[in-house]
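Here the structure comes first, spelled out in structure tokens, and everything after it is commentary.
These figures come from a predicted structure and were not determined experimentally. Throughout, a chain's letter reflects where its sequence line sits, starting with A, and its residues are numbered from 1.
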Amino acid sequence: MTVTVRFAPSPTGRLHVGNIRTALLNWLFARKSGGTFLLRLDDTDLQRSTEAFADGIRSDLDWLGLVWAREERQSARTDRYVAAAEFLKKQGRLYACYETEDELDRKRKRQLARGLPPIYDRSGLKLTGPERAALEAEGRTPHWRFRLANSEDGFAPLPTIVSWNDLIRGDQTVDVGSLSDPVVIRADGSFLYTFTSVVDDAELGITHVIRGEDHVTNTGVQLQLFEALGKEPPAFGHHSLLIGADGHALSKRLGALSIESMRAEGLEPLAIASYTALIGTSDAIEAQHSLDELARHFSFDKISTGPARFDPEELKALNARVLHATPFEQAEAGLRRLGVGGGAGFWQAVRGNLTVMSDAVAWWQIVDGEIDPKVEDAALVEQAAALLPAATWDDTTWDVWIAALKTASGRKGKALFHPLRLALTGREDGPELKALLPLLGREKVLARLQGRRA
RNA sequence: GGUCCCUUCGUCUAUCGGUUAGGACGCGAGAUUUUCAAUCUUGAAAGACGGGUUCGACUCCCGUAGGGACCGCCA
């Protein structure tokens with residue numbers, strides 16, 4: 001059996017860290033097992049789905065390097081859903097209901113107020129032919145529910161356990177006796193996710209459904225749908241959801257955590273992928289060289305069942321470590337986009353001091369552009385200027401020069417280097433001066449030591 | 001009101017009844033016989049609480065507390 005997985009976002013917004021974790025887990029599993037990763041746009045909610053969001057999702061996945069073998073869209077598969085629905089109607093598993101959304105809402109509130117679970121009372125199922133005709137004569141169009149197999153008389157629900165062996169959480173059970181029959185067809189004739197997802201998973205040959213734990217109850221219902229449809233269900237794996245650095249739910253502020261905004265912040269795709277794939281697992285959160293390397297580490301039993309904490313600060317730290325280990329060939333394109341030159345020598349010198357790639361711009365400005373030197377110790381820099389070697393510069397120049405300056409000034413350690421760093425770079429921190437010196441060149445160094453803008 | 005899941009260093013986690021409770025990030029220290037950073041080495045740091053089962057519990061059971069999720073004509 002070839003592994004086939006799908007990532008099924010609905011194009012009602014851009015991708016965020018939570019989404020991307022699901023996408024990644026699917027992609028990594030497919031990659032590791034030599035399987036296929038599909039992108040399925042779940043756009044059954046026509047009110048909220050847009051083409052712009054679909055484009056955004058593709059662009060986010062693409063940027064992260066999560067290539068998909070094929071794209072499917074639910075809006076293009078309506079005939080399949082109609083056929084499956086007809087089949088279920090013939091089996092007597094779908095029944096028409098005539099309540100309005102308002103009526104259902106009031107019903108739920110009433111149940112809750114009385115301390116009862118907000119479960120649909122199956123009024124639609126109890127309707128007689130004449131009653132239905134009367135309702136339709138009133139101008140009502142029905143929506144359709146899937147009758148859960150959870151009772152003996154067909155009406156009163158009994159505790160009914162549906163179970164499966166979850167890829168991530170082990171044995172799982174859902175009591176479908178305490179659930180409402182799900183609406184699968186809206187009054188306007190469009191289909192709902194619970195249903196379309198099952199039809200698609202069956203027909204597209206999905207072997208493993210990896211999704212967030214917000215779907216575990218759905219899985220109980222959907223397992224019954226697979227059965228009613230006469231289809232073999234895929235294996236299911238539900239990962240925990242992300243919580244914020246403060247330990248509370250993330251869902252309220254996902255906007256700030258969109259891939260789009262993280263990209264704008266200058267974070268590396270590999271850092272985002274490594275972080276979201278590694279938090280909540282027993283693997284160390286460390287810089288990965290590629291998605292393939294991440295895939296080699298992938299294993300369902302490393303994923304923990306408790307909620308994982310997403311800390312933007314930790315992501316940033318990982319981003320820095322990813323950069324520190326990035327070879328020039330991989331950084332080159334990004335540097336060019338930022339207008340940073342200097343080649344491999346420059347990259348080698350500064351990469352250890354970057355948190356995000358764009359930090360290189362400031363260093364390039366210091367090396368290539370003009371800065372105002374900061375004179376902390378006039379006497380020392382004057383001496384340094386006087387002792388500056390004349391001839392051609394190479395990587396021994398620094399040692400020769402500093403040895404001479406050390407002897408002449410009697411300075412060492414911080415008293416020696418701090419004033420030099422300030423004069424040469426205008427900053428208190430930065431890469432090794434020895435590496436920076438040849439990049440600066442004699443002229444610039446001399447000018448800055450003399451306190452001139454250069 | 002109901003159902004499900006989770007709780008070990010600050011953080012992510014290992015441990016599948018007997019361990020000096022291990023690793024990673026972060027933090028501290030040292031080294032790089034010359035600053036900050038990077039890098040390397042090293043150190044400190046943990047079983048939510050209360051019961052029970054057991055010769056023995058982080059591990060199993062019950063309860064409490066805290067956290068997460070679901071109960072939609074959203075996905």
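With C1' as the reference atom, B:A38 and B:A31 are 14 Å apart, rounded to whole Å. The same atom, C1', is picked in B:A48 and in B:G43; the two are 27 Å apart, to the nearest Å. Rounded to whole Å, the C1' atom of B:U3 lies 38 Å from the corresponding atom of B:U19.
One can place CG of A:Leu433 at 15 Å from C1' of B:U32, the figure rounded to the nearest angstrom.
Nucleic acid contact class of A:Arg427 (heavy atoms, under 4.0 Å, all strands): none. A:Arg421 comes within contact range of at least one nucleobase, with a heavy-atom separation under 4.0 Å. Contacts of A:Gly430 with the nucleic acid, taken as non-hydrogen atoms under 4.0 Å apart, include base atoms.
A sub-4.0 Å separation between OP1 or OP2 of B:U13 and a side-chain N or O of A:Ser304 is present.
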**Complete:** Going 5' to 3' through nucleotides 70-75 of chain B and flagging B where a protein heavy-atom sits under 4.0 Å of the base, S where only the sugar-phosphate is that close, and - otherwise, we get SBSBSB

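The residue among A:Lys406 and A:Asp301 whose nearest nucleotide of RNA chain B is located toward the 5' end is A:Asp301.
B:C9 is unpaired under the criterion used here, namely a Watson-Crick or G-U wobble arrangement in which both key atom distances are under 3.5 Å.
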N/O to N/O distances under 3.5 Å, protein versus nucleotides 38-41 of chain B:
residue, atom, partner, partner atom, Å
B:A38, O4', A:Gly352, O, 3.2

